[in-house]
Structure formats: C-alpha cells, structure tokens
Amino acid sequence: MPDTYPAIDFGVSDDNQLIIDSLSGFAAEQLRPNLRAFETARAVAPEVAATFAEMGFERLQLLEDLGGAGLGMLTRVLANLTLARADAGAALALDRLGPALYALQELGGAAAVEQYALPLLDKPSARAVLVIDHADRRAKAGDSIHGVVAWAPTDRADLVVGLGPGGGWVLEGPGLAEPVRGAALHAAGASRIEFGGRIAAAWQGEAGAARALAKARLHAASLMLGVMEDAAAFSRDYAQGRVAFGQPIAHHQGLAFLIVDMFNAVAQGRLLVEDAARRIDRGADATQAAAAAFVECVEASRFVGPNGVQILGGHGFMRDYPVEKAMRDVRALGLLAGGIHRAQDEAASHPDALIAAFEGA
C-alpha cells in the first residue's frame, strides 16, 4: 500500500464508548418502551427530556468554555446512531439545538453560540430550526427575510437559523410553527414553519457554510443509520423465529441473501459516515465525503426500509412491530439537510469523490 494512504482508525475511544453505553441504557429504559406513546403524543414526555438534559447530552458539542462537553462530530454520529435505534423522532426532539448549532459554530463562532444558542437551552422545550437556503442571499444584519418550510420535524421554532451556499443568518425572533400531519418522526413533532422579519446577524463564508452543511448531512445520515440498524436486526430476528415449511424463514436462501444485503448496505453507509466525521474532527475538508455518505445512507434506506417490512409480510404493516415506523422514518430523514439531489451533485463534483471518502486527509 502506498504510504500516501494513512491507516484509518475504526476504533471507538473510551470516552465515546462511555457515552454510547450511557445512551444505550437511557434509550432502552426511556425511549424504546414509550415508542408508540411518544408517537401518538407527537412529543417526548417532559420528564424524559429533563433526564436527557440532566445527563449532559444536550451539550455534547458545545465548547467547554460554554458549559459543554467539547466533543466532536464522531461523538454526535455515535450518539445519534444509539438513540435512533430506539426512536429517531425522539432523538430529534431531545437534541434541541440540532444542526442549527453547526451554522452558528462554523459561521458565527463561539460568540454566536453564546448569544443565540445558549439562551434557548434555558427555555423548557424550546427548539432551534435550521433552514437550508438554496439561494446565495449574501444577507446582512438588518435585512428583511421571509420564507416557508413546508415540513419540519418540530413543533416549535424558537430560533431560526439559515444556511446558504455562501453564508448564514439568524432571525431576531421565532418562526411561526403551524402543526401539520406528518407521516414520520412523530415524537419530534411536525410543523409548517413560516419565518420572517429582520435578520439579527449574518455571516459570509463559503468554507464555513460548506463545513456546516457537511455536519448537518452527517447528523441526518447517522439517524438514518440507527433506524436501519434496528430495522435490519429486527427483521433478522423475526425471520429466525418465524417457521414455515419446517424451518425458520431466515434459512430459506432468498430471504437469507436479502437479510445479508440489508446488513451490508447499513455497514457501507456507516463506514462512510464515520470516516467523514473523523475527517471533520481532524480539521480536514469533508464536504464531498459527507455528501457521499448522506447519499449512500439515503439509497440504503430505500432498500432496507421496504425490505424490512417485506420480510415480516402482513405483520410488517402492523403497529405491533417497529419496521413500518422504520420505513417511514428513514424516508423522512432523507429529506433533511437539503435533500439528496444537492448532495449527489456535490459528491460527484470530483470524479474520485466516493473513493476519497475512504482516504486520509
């Protein structure tokens, strides 16, 4: 192997493993047993959200100087994976700053996070919304802006942050969240967000905007991975326990191959997502790597989600089993972070984009 290709570390640090273990216990005790209750209520129970905040998980990626843990993108990816295995909607609801934090961090720095993000965490149930602005507005503080997000997985928009190709902005006041009938991620809520008014602050910088979008894509992709990992594992276990023609249906060749293909699709997406997160953490350019990872996860979701339902047959469409929810959730997650089409363009902007996702910086 040429020495221009440094070794890739696929290990998990002791600190990250401790976080995974803590979140696994929290998800198993607080989220999974309440999966359908939170979906019906279209919200996570306040006491569960309070426990999550008390454990410090709301502040994983905030700088230590701002009262956070100061951890990186890989930690967020692993945390999202762990929570989404239980309920991706709940994971979105609990992470109240969400990807809006990345635009503030990358474009406005610590001062913007302190001014706009930290006050939100002091308000019970308050949520931030990231608006992916496909137009390069070059907005300035004091300008007026108006727009609509047809669907967002939230029931509130206390802080509206915009992210465009050349920079970002934050509104002076909250957006108007009008409840809509969402098809997935119910525990996070579902709203039509109408935002407008004066821009409180605006920042320019294509590099910072690209880094923020890359992080937003990995945020959504890691949630997709968690849902797909759970769907693949549940489908396998169901197939091993369901007997037809004298043997578990998982032992029939066609179904066995399908289950293996599902796990392979998830593993491929996870390799890309984790490698892109490591690139970000070591300060390398991860624009194309994150775009490729997002595209891979969306494509995998279109395979894993429906086939998870197919393996269960008629049971797959029943609320007694989680695979119908998994199919809905991964579809909805693929609409976030600007969607797949823009990511495809950016992943393909270099002929070796997919290979580059596995290379060192």
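Quick caveat: nothing in here was measured; it's all calculated off a predicted structure. Values below: all heavy atoms of this structure, side chains included; hydrogens, waters and symmetry mates excluded.
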Legend entry - Which residues share a side-chain contact (heavy atoms from CB on, under 4.5 Å) with Asp237, sequence neighbours left out: Gln240
Inset, instruction - Give a yes or no on whether the backbone of Phe303 and the side-chain of Asn307 come within a donor-acceptor separation of less than 3.5 Å. - result: yes
Inset, instruction - Can you tell me which residue pairs pass the salt bridge (charged side-chain N to carboxylate O under 4.0 Å, His left out) test with a partner in residues 40-69, sequence neighbours excluded? - result: Glu58-Arg96
Legend entry - Residue pairs passing the salt bridge (charged side-chain N to carboxylate O under 4.0 Å, His left out) test where at least one lies in residues 146-156, sequence neighbours excluded: Arg127-Asp155, Arg156-Asp158
Legend entry - ring-ring contact (aromatic ring centres under 6.0 Å, His included) partners of residues 27-83, not counting sequence neighbours, each pair once: Phe26-Phe52, Phe52-Phe57
Legend entry - Close side-chain approach of Val131 to Ile193, heavy-atom, < 4.5 Å: no
Legend entry - Hphob cluster co-occupancy, Leu223 + Val129, side-chain heavy atoms under 4.5 angstrom: no
Legend entry - Residue pair Leu101 / Leu62, side-chain heavy-atom distance below 4.5 Å: yes
Legend entry - Whether Ser191 side chain and Thr154 backbone form a donor-acceptor pair below 3.5 Å: yes
Legend entry - ILVMFWY network linking Trp151 to Phe195, side-chain heavy atoms under 4.5 angstrom: no
Inset, instruction - Rounded to the nearest 0.5 Å, what's the gap from CG on Leu225 to CG on Leu271? Could you check? - result: 10.0 Å
Legend entry - Under 3.5 Å donor-acceptor, Gln204 side chain and Ala139 backbone: yes
Inset, instruction - Tell me who clusters with Leu18, hydrophobic residues only, linked when side chains sit under 4.5 Å apart either directly or through other members. - result: none
Inset, instruction - Please answer whether the main-chain N or O of His219 pairs with a side-chain N or O of Asn80 as donor and acceptor at a distance below 3.5 Å. - result: yes
Legend entry - Closest non-hydrogen atom pair, Leu94 against Ala49: CD2-CA, 3.6 Å
Legend entry - Heavy-atom side-chain contact between Gln247 and His252 under 4.5 Å: yes
Inset, instruction - Nearest 0.5 Å please: distance from the CG atom of Leu218 over to the CZ atom of Phe294. - result: 10.0 Å
Legend entry - Side-chain touch Ile259/Ser235, heavy atoms, less than 4.5 angstrom: no
Inset, instruction - Would you check if Leu74 and Glu274 make a side-chain contact, meaning some heavy-atom pair closer than 4.5 Å? - result: yes
Inset, instruction - Identify which one of Ile20, Asp15, Ile19 satisfies the side-chain contact (heavy atoms from CB on, under 4.5 Å) criterion when paired with Gln17. - result: Ile20
Inset, instruction - Report yes or no: does Arg85 contribute a side-chain atom to a donor-acceptor pair with the main-chain N or O of Asp230 at less than 3.5 Å? - result: no
Indicate every side-chain donor-acceptor pair of residues 323-332 with a distance under 3.5 Å to a residue at least two apart or in another chain.
from	atom 1	to	atom 2	distance (Å)
Glu324	OE1	Arg328	NE	3.0
Glu324	OE1	Arg328	NH2	3.2
Glu324	OE2	Arg36	NH1	2.8
Glu324	OE2	Arg36	NH2	2.8
Glu324	OE2	Arg328	NH2	3.2
Lys325	NZ	Asp87	OD1	3.2
Lys325	NZ	Asp329	OD2	2.9
Arg328	NH1	Glu39	OE2	3.2
Arg328	NH1	Ala183	O	2.8
Arg328	NH2	Glu39	OE2	2.8
Asp329	OD1	Leu185	N	2.8

Legend entry - Inter-residue atom distance Leu312.CG - Gln310.CD, 0.5 Å rounding: 10.0 Å
Legend entry - Reported CZ-to-OG1 distance for the pair Arg279 and Thr287, which is rounded to 0.5 angstrom: 9.5 Å
Inset, instruction - May I have all residue pairs that pass side chain to side chain donor-acceptor pair (under 3.5 Å) and include part of residues 173-184, sequence neighbours excluded? - result: none
Would you be so kind as to tabulate the donor-acceptor pairs closer than 3.5 Å made by side chains of residues 102-113, with sequence neighbours excluded?
from	atom 1	to	atom 2	distance (Å)
Tyr102	OH	Gln61	OE1	2.9
Gln105	NE2	Gln61	O	3.0
Glu106	OE1	Arg211	NE	2.7
Glu106	OE1	Arg211	NH2	3.4
Glu106	OE2	Lys215	NZ	2.7

Inset, instruction - Could you state whether Val309 and Phe234 fall into the same hydrophobic cluster, counting links through intermediate Ile, Leu, Val, Met, Phe, Trp or Tyr residues with side-chain heavy atoms under 4.5 angstrom apart? - result: yes
Inset, instruction - Quick one: which residue pairs count as a salt bridge (charged side-chain N to carboxylate O under 4.0 Å, His left out) with a foot in residues 251-267, not counting sequence neighbours? - result: none
Inset, instruction - Answer whether the closest heavy-atom distance between the side chains of Cys297 and Val273 falls below 4.5 Å. - result: yes
Legend entry - Full working for side chain to side chain contact (heavy atoms under 4.5 Å, CB included) between Val170 and Gln115: CA-CA 11 Å; Val170 59; Gln115 182 175 358; over 6 Å; no
Legend entry - Considering all heavy atoms, the nearest Ala79-Leu23 contact: CB-CD1, 3.4 Å
Legend entry - Asn16 (side chain) donor-acceptor with Ser13 (main chain) under 3.5 angstrom: no
Inset, instruction - Report the hydrophobic cluster partners of Val243, with the cluster defined as I, L, V, M, F, W, Y residues connected by side-chain heavy atoms closer than 4.5 angstrom, directly or transitively. - result: none
Inset, instruction - Look at Arg236 together with Glu229 and state whether they make a salt bridge at an N to O cut-off of under 4.0 Å. - result: no
Legend entry - Gln253, CD: over 12 other non-hydrogen atoms inside 6.0 angstrom: no
Legend entry - Heavy-atom check, side chain of Arg76 versus side chain of Asp95, under 4.5 Å: yes
Which pairs of donor and acceptor atoms, one on a side chain in residues 160-169, lie under 3.5 Å apart (sequence neighbours left out)?
none

Legend entry - For Ala27 against Pro33, the heavy-atom pair lying closest together: O-CD, 4.2 Å
Inset, instruction - Considering non-hydrogen atoms only, spot the tightest contact between Ile249 and Ala244 and give its length. - result: CG2-CB, 3.6 Å
Inset, instruction - Apply the test side chain to side chain contact (heavy atoms under 4.5 Å, CB included) to residues Asp320 and His315: give CA-CA distance (whole Å), side-chain angles for both, the deciding distance (0.1 Å), then the verdict. - result: CA-CA 8 Å; Asp320 305 65; His315 287 167; over 6 Å; no
Legend entry - Residues which pass ring pair (Phe, Tyr, Trp, His ring centres under 6.0 Å) with Tyr116, listed by chain and number, not counting sequence neighbours: none
Inset, instruction - Supply the atom-to-atom distance Leu213 CG to Arg342 CZ, rounded to the nearest 0.5 angstrom. - result: 5.0 Å
Legend entry - Which atom of Val44 lies closest to which atom of Ala93, heavy atoms considered: CG2-CB, 3.8 Å
Inset, instruction - Decide yes or no for Leu130 and Leu336: does some side-chain heavy atom of the first lie under 4.5 Å from some side-chain heavy atom of the second? - result: no
Legend entry - Flag, side chain of Asp281 to backbone of Met73, donor-acceptor distance under 3.5 Å: yes
Inset, instruction - Verify the cluster assignment for Leu121 and Leu66: are they in a single hydrophobic cluster under the rule of side-chain heavy atoms below 4.5 Å apart? - result: yes
Inset, instruction - Indicate, with yes or no, if Tyr321 and Met228 share a hydrophobic cluster defined by side-chain heavy-atom contacts under 4.5 Å among Ile, Leu, Val, Met, Phe, Trp and Tyr. - result: yes
Legend entry - Point-to-point distance, once rounded to the nearest 0.5 Å, from OG of Ser301 to CD1 of Ile340: 8.0 Å
Inset, instruction - Might you confirm whether atom CD of Glu114 has over 12 heavy atoms from other residues, nucleotides or ligands at distances under 6.0 Å? - result: no
Legend entry - Which atom of Ala343 lies closest to which atom of Ala291, heavy atoms considered: O-CB, 3.5 Å
